[in-house]
Amino acid sequence: MPVRVVETSSPSQVSGTTPGNNTPPPCTLLSVGQGFSGTQNVSSLQKDEAWRVNVQIQGIDHDHGYLCGTMEALNVPMADTPVVTFWEGEIVDTKNYTFFTGKWGATTEDDIKHWTKFQSFSPLLSKVEVDGGKTLDLSNYPFIFMRWKEQYFVNVGTDCGLTIAGFYYVCFSCSDGSINGFYYDPNSSPFQKLELKSTNDGRSGFSFSTYELQ
Amino acid sequence: MPSSASSSRQNHAEQLIARLNSVETPPESKLQDLRNMKNQIIGSRTKKLDYLSLGAVPCIVSILSIVVASMHSGGGGDELLELIAIQAAAIIGSFACRLESGVEAVLEAGACAFLMILITHQNEKVVDAVARSLKWIYQSKLAPKFYFLEEKNMEFLLSLLNSKNENVSCLGANIITRSCQTRMEQQALSGAGVITKLASLLDGSLSQREASLESLSVVMKKNPEIITKFLGYQNGGAVNFLTELIKDKHPRTRLLACACLIVIRNSCTTYLQDSRIKTGLVQTLLELLEDPDQVGDDAPFVLSSLIADKEDLQMIAFECQVIEKLCNYLEAGPFQAKRLQGIFLALADMCSELECCRDRAFSLEALIYIKDALKHDSADVRTAACIFLRNLSRSVKNMSAGHFTNANITSPMVQLLCDSCPSVQIAALGAICNMVIDFTARESIFMQGGLKQLVQLSKSMVSAIRVNAIWALRNLAFLVNNRCKEEILLELTMPTLTSLICDPETSVQEQALALVRNLVDGPSDSVKYVFDEAGLLLDAIGKKLHSTVKIEVLIQGMYVLSNIASGNEIEKEAAMNQLFPQCWNNTQTSFIKFLQSTDSRLRIAAVWALVNLTFPNSPGACRRVIKLLNAGIISQLKTMVNDPCLDVKTKNDKREMCLNLSTQTTTK
């Protein structure tokens, strides 16, 4: 987990985005209660290192392009226990959010550099370079692009020797539920990769839980 | 023997009434007694209640009836009788002035009918007194309904509106405000030219303006056609004038003008889009909150009507610091119950959609105000506080941080589940539905205190309570550990759960099935929870799936069986038997119907069930594939490669596994 003091920021809205139903549709593998596990590469010039990571989706609001959940990092050297953080995400839906971040210290160049690391992004590049992809129709695209920003530590104090900063550029595959991401923080090693797969709790198939807010 | 002052007053009042009732009392004496009574009760609630309890109202109404009888028999012009009528009308009006028991007594005694006749009296002073009296009656929610659709009544109403007497024209407007309830009535009033008349009264005296504003709101409510008519009046001059009125020096005028503009905007969203007007409305209403009287009590309700269900206005209000100001008012309290209720409801509306609003409310420690309000004497305040808490608890971020697990909040909430008032119970259930969700997979605090009550309420005769209770249990079971699942089932019992799946209300069925879905989700050994000794629960689920037409019930039922099908071989077979029971010939057809449903959520649930039934490496997968092949399911699956729903379409690889397996099976 990278280096700076945690910041809270409310997701920024995009003005003048294209109306209409061009947004990514819901996907059952990216719904509340779904879990993912894999690794985050935290290598630096000094050493190769990877942490095992578990992610759980806790909330998703397609109308506002919002989702949130927890991220648990295991085998973190400076921690006695797994470190859990709560994150909030922005779904790049061209209505609420585009491919341009517009905050968190990321320039449009940074955005393009990171999105192009995903193979699934290449068909979209030319339009994104123009206006962040405002006019893109993602309603039938089999990948969902997001940004995830950790907000606070859940189970450790801020004096744990770790701090959280930066955010992830994330790509979710609708067909198999796999997640790839790249961490961005000017003060950390670049392009730390997050690779996750959908988990199924040792079952012989896929199970889905549900809650509904009033 | 000396007697107490109060009993002396009582005697005096009794004697006065007795004299008024007596036929032997000369009219001049009656007039004097009426003046005495009027002077005593005006401005004195205590005196009014005293006289009410002594039966003063029937006595006065009886006097009015004599005046009316005299009118009919051509006795108009009797000066003494007219003076008596004026005093009697004034007394009736005073009893009806902001006193519910007074209005009840007046109506029960039949005063309205006589007053409605006397309003056409030739003496202007009688008319004026009667009009004032009727105005008070029609300002009460208990006022009798006036039937506009009867032609004679409409003519009478128009004569009131057209009267040069200010009180009479105001009465006409008040009658409309109180009695116009249906679209047909709105149309009839509009057709009779009432809109034009009311619009012209905007330019009248203060009371005419205010009566007209209230009345226009009612006639235009949710009626774009009539609104268009009003907006066209004087080429838009009326609505411009209305916009100016939100800056009027009189607080009640400002409030009523805001309410009227909000009615227009809520019914015709293309109008009043100017952000300056929207901001002006918010700021005016915020300022009116500071009024110490009824205007301040009503202002938060009008604010709610402006922002409810409208994110853009909630954002404008957020930027005007509405949340800060409302919380500051709560801090400055205490208030009367009605104002407190209004403030909580306005805060609830502010926090209904936007996370930034909920964050702001949390940072201002809104939970502290809620905690106190949950124990308020007024059921309306308790309900409003619960609704605010429910909307705050839509914040997954704050729920995840454990902000709703504080015993200061959870304990009173659990107590409210036993509140004597059903509306409080339902509102409390609404908040608890959200608060029980525990993302940490630890034991929810509600497991200790609230589980018993929730289970009890799931058996309520009141369907709204039943569905909310089972909804809360569903959410309580989300991602919980097996120990909690066992506790839930122990308390609820399988027979109760089975009967809830078969409840007459489909919304209860849906929530019950969603609860089962959660019970069988999680670690692989969770699936066991659906298996009771006789298999009754599983049978009930299967039967429900094949008999219901309600889409939400189908979706949850399908996910239950899909989740079971992600278990071991025995569990997969059990799910298979429910999805394709041998005894029913048409179940194959019904499963294909699920795959062909116009609702993509059901299609995807059905696809997942098939994926799980044919999951690779499960021993019985081939056997199940053959069954699916024979049922025509595989053929249906092949067609879904072009499904319009991306979620269905992108399960290609999983579907391919299933198809490959079927190919391998058929070639063996």
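Proteins get letters first, then strands, A, B, ... in listed order; numbering begins at 1 in each.
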Q) Honestly, is A/K149 close enough over A/F167, meaning NZ or CZ under 6.0 Å from the six-membered ring centre and within 45° of the axis? A)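 Because its charged atom misses either the 6.0 Å distance or the 45° angle limit, A/K149 does not stack over A/F167.
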Which answer fits [X], side chain, backbone, both or neither, if we ask what part of it has an atom under 4.5 Å from a heavy atom of chain B?
{"X": "A/F86", "result": "side chain"}
{"X": "A/P24", "result": "neither"}
{"X": "A/E212", "result": "both"}
{"X": "A/S139", "result": "backbone"}
{"X": "A/P142", "result": "both"}

Let me know if [X] has heavy atoms under 4.5 Å from chain A in its side chain, its backbone, both or neither.
{"X": "B/A401", "answer": "both"}
{"X": "B/V436", "answer": "neither"}
{"X": "B/Q556", "answer": "side chain"}

Most contacts with chain B, counted as non-hydrogen pairs under 4.5 angstrom, among [options]:
{"options": "A/G59, A/G35, A/S204", "result": "A/S204"}
{"options": "A/T210, A/D61, A/N200, A/L213", "result": "A/T210"}
{"options": "A/V154, A/V32, A/T70", "result": "A/V32"}
{"options": "A/G69, A/G202, A/G33", "result": "A/G33"}

Q. Just wondering, more than 12 heavy atoms not from B/I570 lying within 6.0 Å of its CD1?
A.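 Count not over threshold, so no.
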Q) Does the side chain to side chain contact (heavy atoms under 4.5 Å, CB included) test come out yes or no for A/W87 and A/V55, once each step is laid out? A) CA-CA 10 Å; A/W87 55 267; A/V55 164; 3.9 Å; yes
Q | Sequence-distant partners of A/R147, salt bridge (charged side-chain N to carboxylate O under 4.0 Å, His left out), two or more places apart | A |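 Once residues adjacent in sequence are excluded, the partners of A/R147 under the salt bridge (charged side-chain N to carboxylate O under 4.0 Å, His left out) criterion are A/E90.
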Q) For A/Q192 and A/Q40, does a side-chain donor sit closer than 3.5 Å to a side-chain acceptor? A)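 A donor-acceptor contact under 3.5 Å links the two side chains.
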Q: Report yes or no: do B/N612 and B/S562 form a side-chain donor-acceptor pair below 3.5 Å?
A: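 The criterion, which ignores hydrogens and geometry beyond distance, is satisfied for B/S562 and B/N612.
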Between chain A and each of [options], count heavy-atom pairs under 4.5 Å; write down the option with the most.
{"options": "B/V396, B/L476, B/D525, B/I564", "result": "B/V396"}
{"options": "B/G402, B/G522, B/S600", "result": "B/G522"}
{"options": "B/E569, B/R390, B/M399", "result": "B/R390"}

Q | Name of the residue among B/N434, B/N391, B/N468 meeting side-chain hydrogen bond (donor to acceptor under 3.5 Å, both in side chains) with A/Q214 | A |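 For A/Q214, the side-chain hydrogen bond (donor to acceptor under 3.5 Å, both in side chains) test succeeds with only one of B/N434, B/N391, B/N468, which is B/N468.
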Q) Which residue, B/N482, B/L519, B/D521, forms the side chain to side chain contact (heavy atoms under 4.5 Å, CB included) with B/S526? A)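 The residue from B/N482, B/L519, B/D521 that satisfies side chain to side chain contact (heavy atoms under 4.5 Å, CB included) with B/S526 turns out to be B/N482.
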Sequence neighbours excluded and cut-off under 3.5 Å, please list the side-chain donor-acceptor pairs for residues 506-514 of chain B, or say none.
| unit_1 | atom_1 | unit_2 | atom_2 | d |
| --- | --- | --- | --- | --- |
| B/Q509 | NE2 | B/D503 | O | 2.7 |
| B/Q511 | OE1 | B/R474 | NH1 | 2.8 |

Q) Does A/D111 reach the main-chain N or O of A/W115 with its side chain, forming a donor-acceptor pair under 3.5 Å? A)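 Such a contact is absent between A/D111 side chain and A/W115 backbone.
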